2 protein chains.
Amino acid sequence: MSDDPARARPATSRAGYHHGDLRAQLIEAVRDLVETHGPDGFSVAEAARRAGVSSAAPYKHFRDRPEILRAVVSEGMDRLRAAMERGAAAHPAGSLEGVAAIGLAYVDFAKAEPGVFRLVFGLTEGHENAPDLREKGEDCYGVVLSAAAACLGLPPDDPDVERRAYMLWSFVHGHSFLTIDMKHAAPEGGIDDGAYLMAVSRAILGPKTF
Amino acid sequence: MSDDPARARPATSRAGYHHGDLRAQLIEAVRDLVETHGPDGFSVAEAARRAGVSSAAPYKHFRDRPEILRAVVSEGMDRLRAAMERGAAAHPAGSLEGVAAIGLAYVDFAKAEPGVFRLVFGLTEGHENAPDLREKGEDCYGVVLSAAAACLGLPPDDPDVERRAYMLWSFVHGHSFLTIDMKHAAPEGGIDDGAYLMAVSRAILGPKTF
DNA sequence: GCCCGAAGTGAGATGCTCTTACATATGTAA
DNA sequence: TTACATATGTAAGAGCATCTCACTTCGGGC
């Protein structure tokens, strides 16, 4: 850290005294720590260490520890919504397959990033005043809602659509959590998520059994 | 802490130098802190302060911070299972009402103790080697499993019973989490948990729609 | 009555959060 | 080019938490 200022860059894109991309790299470091050591297994200091900066640097980009977490969650919700939309777009509008694909994207996200997934839904305590996160949550729900509406041929604000969309969400959400928690004695040989979600979608959006 | 040894007892059952019931009181203090300030809003030091002992005292009863959390979770799971069993016992064996009552107990627990509830299902990271917790989880699932089996008139290890019990659990679990997270745009005017769970139980344990 | 183990104390090593004062880089304008 | 404003970094440190260690105090069994 004396003669050659370009040498010390720790395998990152650090140009010199200024980092250039610290904010994004901190988020990525925290995301990785959360996946590796659980939702609380990260520290601002460790993230800074990984980015190759002093432990005070992160506070130039984030107010405090919770704000970094919120940024990680926000970025995670963006990816979750994008995945759900990709699932929906891969099938004809209004098809049961589209609804099931949204659910599958949800479950796959939970399995791929259990730490972030848990964080997304466990960050409520102390983060009530985060309107952007709440809005992103609504956006995710909106994907389900409009797919269900298209499937039933009803407007998204129809009470019956809302009821069934909530049931779908609730089902998929529970299955996702149980899958990553492994607290369930899963039916013999595990579960075929695709077939499972297709069956659930059919049952909930089909004839009025509820 | 000098002249009158009996004076300093901080509204607890402290007899003198020895506390008498520190372990239980620490668990209770942590439980309260978790409910008030979220799953991570507690510290061993604060719990010790509340119990009126030095910050080193807790380590005579628990190896480390995670072990206290595990004790809180363990105690919480005991109460959850007890509540589920009470729900089941309040209705005829094999009735749909019994199954719905188990689900209602589950949701009610989540609403009453969201912090502990979240902890119970979020403690997997780093606590894999806690066979007692896993076993208590199995016990809870067992309540659902045998109620479903009785309802269907089949043995609890029947694959169909397992599939439907898992569906029930998944549904109730998702609903519980969504309720305490309020991440859902709940159907107008909220949800009548009792009716909702009864409908779900009927749909899942009824004729083979899945 | 004595001794031993269980349960508590105070001090301290280490690490994390976040603040403050200061240093360095970058862009814009004179 | 120089000069300044702003953004982004550093070093040092206050304050709190976890956990350890050596020591003290209590209660029960012999």
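Note that the structure is a prediction, hence the values are computed from the model and not measured. Residue numbering restarts at 1 for every chain, and letters A, B, ... go by the order of the sequence lines.
- Between B:Gln25 atom CD and C:dA7 atom P there is a gap of 15 Å when expressed in whole angstrom units.
- One atom, CG of B:Asp64, and another, C1' of D:dC19, lie 9 Å apart when rounded to the nearest Å.
- Protein atom CD of A:Glu67 is 12 Å distant from nucleotide atom P of C:dT19, rounded to whole Å.
- Rounded to whole angstrom, the span from the CZ atom of A:Phe62 across to the C1' atom of D:dG9 amounts to 15 Å.
- Atoms CZ (B:Arg49) and C1' (D:dA17) sit 9 Å apart, rounded to a whole Å.
- Within the 4.0 angstrom heavy-atom criterion, no nucleotide atom of any strand lies near A:Arg23.
- Closest contact between the side chain of A:Tyr59 and the listed nucleotides D:dC19, D:dA17, C:dT17 involves C:dT17.
- Atom CG of B:Leu26 and atom P of D:dC19 are 14 Å apart (whole Å).
- Contact between the side-chain N/O atoms of A:His61 and the OP1/OP2 oxygens of D:dA7 is not found at any separation under 4.0 Å.
- For the pair B:Arg31 and B:Phe42, the cation does not sit on the ring face, since its NZ or CZ is not both under 6.0 Å from the ring centre and inside 45° of the axis.
- Comparing A:Ala57 and B:Phe42 against DNA chain D, the residue whose closest nucleotide sits nearer the 5' end is A:Ala57.
- Spacing between atom NZ of A:Lys60 and atom C1' of C:dT20 amounts to 9 Å, rounded to whole angstrom units.
- Between B:Tyr141 and the choices B:Tyr106, B:Trp169, B:Tyr166, the ring pair (Phe, Tyr, Trp, His ring centres under 6.0 Å) rule is met once, by B:Trp169.
- With distances taken from any side-chain atom of B:Leu22 to the nucleotides D:dC19, D:dA17, C:dG8, the minimum falls on C:dG8.
- Taking the salt bridge (Lys or Arg N to Asp or Glu O under 4.0 Å) definition, one finds that A:Asp64 meets it with nothing, sequence neighbours left out.
- A salt bridge links B:Arg79 to B:Glu113: one of the charged nitrogens lies within less than 4.0 Å of a carboxylate oxygen.
- Residue B:Asp40 contributes atom CG, which lies 20 Å from atom P of D:dC16 at whole-angstrom precision.
- Looking at the side chain of A:Ala56, the nearest of the listed nucleotides C:dT9, C:dT19, C:dC18 is C:dT19.
- Salt bridge status for B:Lys136 with B:Asp132: absent, with no side-chain N to carboxylate O gap under 4.0 Å.
- Within the 4.0 angstrom heavy-atom criterion, only backbone atoms of the sugar-phosphate kind lie near B:Ala45; the bases stay farther away.
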